[in-house]
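Before any comments, here is the structure.
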Amino acid sequence: MLTHNIKMNKIERIYSSLYKKYGPQGWWPLLELNIKGVNPTKTGSMKGYHPGDYSYPCTEKQRFEICVGAILTQNTSWIQAEKSLSNLNSAKILNPKSIIEIERGKLASLIKPAGYFNQKSRKLKEFSDFYFGLKGKIPSREQLLNVWGIGEETADSMLLYAFKIPTFVVDAYTKRIFSALGIINKNAKYSEIKPLFESSIKKNLEIYQEYHALIVEHGKRIMEKNNQAAFAADLHL
DNA sequence: AACCAGGACGTGA
DNA sequence: TCACGTCATGGT
């Protein structure tokens, strides 16, 4: 990992600090792993993660599941998205063809726990249509952004965790934490933050997957304590 | 009992 | 471009 480097920039040092503090996060969580019982200690849902194992997704179904999860978790806690995901799986419609064919209202009721069910049911249908047309190919970022309901973070999450392309994911926690650390200003745009990270860290899939996951984990813990001022202190910088 | 969650889109300035 | 409003359930 990055700790082998003697000269690390600030962004790399924060990664090392987070990794040392929390360890590998095992993103993206997958439903099937709940049964196996891979179960690290962490905030929120404690199932589905596979820390230190970067072989996932190893099936087409898992790849699609990650994309669906990325849409369901938009502005929604993972625990709620996971319930919806589980509903889809139980209904045996966790595949593009079934989501295209199912009645929209019925789809909406299945994903109710994740909130925004009218918007998200439409998003899932439009994305499934797109995914079906890929026929196994890996989409470009631009292609993903052209799908209604997929913005920058969702597109990057899909690329990083479902399609295994090292691209940096910026989320609300990233903005809060790194603006609190004085590394970016708090109204910095996605299109400015992303290249900052990508120019600071070598493009390594495992590191990019871990970094975003670690930021979310740290963000959650800080928010639990309701103490955003402790961002920097908690990183021992 | 307000506040927020692993955002994105539509609208009017 | 940008600042807001909207979408919606369930935790704490």
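Chain naming here is simple, since letters A, B, ... match the order of the sequence lines and numbering starts at 1 in each. Values reported hereafter were calculated over all heavy atoms of this structure, with side chains retained and with hydrogens, waters and symmetry mates removed. Everything numeric in this text was worked out from a predicted model, so none of it was measured.
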Using the closest heavy atom to pick a nucleotide of DNA chain C for each, name whichever of A/Asn75 or A/Lys189 lands nearer the 5' end.
A/Lys189
Euclidean distance, atom [atom1] of residue [X] to atom [atom2] of [N] [Å, nearest integer]:
X	N	atom1	atom2	result
A/Phe127	B/dA8	CZ	P	13 Å
A/Ile111	B/dA5	CD1	P	20 Å
A/Gln119	C/dG5	CD	P	16 Å
A/Lys120	B/dG7	NZ	C1'	8 Å
A/Phe117	B/dA8	CZ	P	20 Å
A/Gln74	B/dC4	CD	C1'	16 Å
A/Leu72	C/dT9	CG	C1'	13 Å

Applying a 4.0 Å non-hydrogen cut-off, can you work out what [X] is touching in the nucleic acid: base, sugar-phosphate, or nothing?
X	result
A/Ile150	sugar-phosphate
A/Glu153	sugar-phosphate
A/Lys83	sugar-phosphate

Considering all heavy atoms of both residues, which atom of A/Asn204 and which atom of A/Pro166 are nearest to each other, and what is their separation?
C-CB, 4.1 Å
Minimum-distance nucleotide (side-chain atoms of A/Val216 versus B/dG6, B/dG7, C/dC2):
B/dG6
Pairwise [atom1] distance, [M] and [N] [rounded to whole Å]:
N	M	atom1	answer
C/dA8	B/dA2	C1'	16 Å
B/dC4	C/dC7	C1'	15 Å
B/dG6	C/dT12	P	12 Å

Counting only Watson-Crick or G-U wobble pairs whose two distances fall under 3.5 Å, which nucleotide matches C/dG11?
none
Kindly say whether, by distance alone, the side chain of A/Tyr49 makes a donor-acceptor pair under 3.5 Å with the base of B/dG6?
yes
Between A/Gly149 and A/Trp28, whichever has its closest DNA chain B nucleotide further toward 5' is A/Trp28
For A/Val147 and for A/Gln80, find the nucleotide of DNA chain B with the closest heavy atom, then tell me which residue's nucleotide is more 5'.
A/Gln80
For B/dG12, does the glycosidic angle fall within 90° of 0 (syn) or outside that (anti)?
anti
Basic-acidic side-chain contact under 4.0 Å: A/Arg141, A/Glu152
yes
Between A/Phe168 and A/Phe197, how do the two ring planes meet: parallel, tilted or perpendicular, split at 30° and 60°?
parallel
What about the rings of A/Tyr56 and A/Tyr161, do their centers lie closer together than 6.0 Å?
no
Between A/His218 and A/Tyr173, ring centroids under 6.0 Å
no
For A/Tyr190 and B/dG7, are the ring centres under 5.5 Å apart with planes inclined under 30°?
no
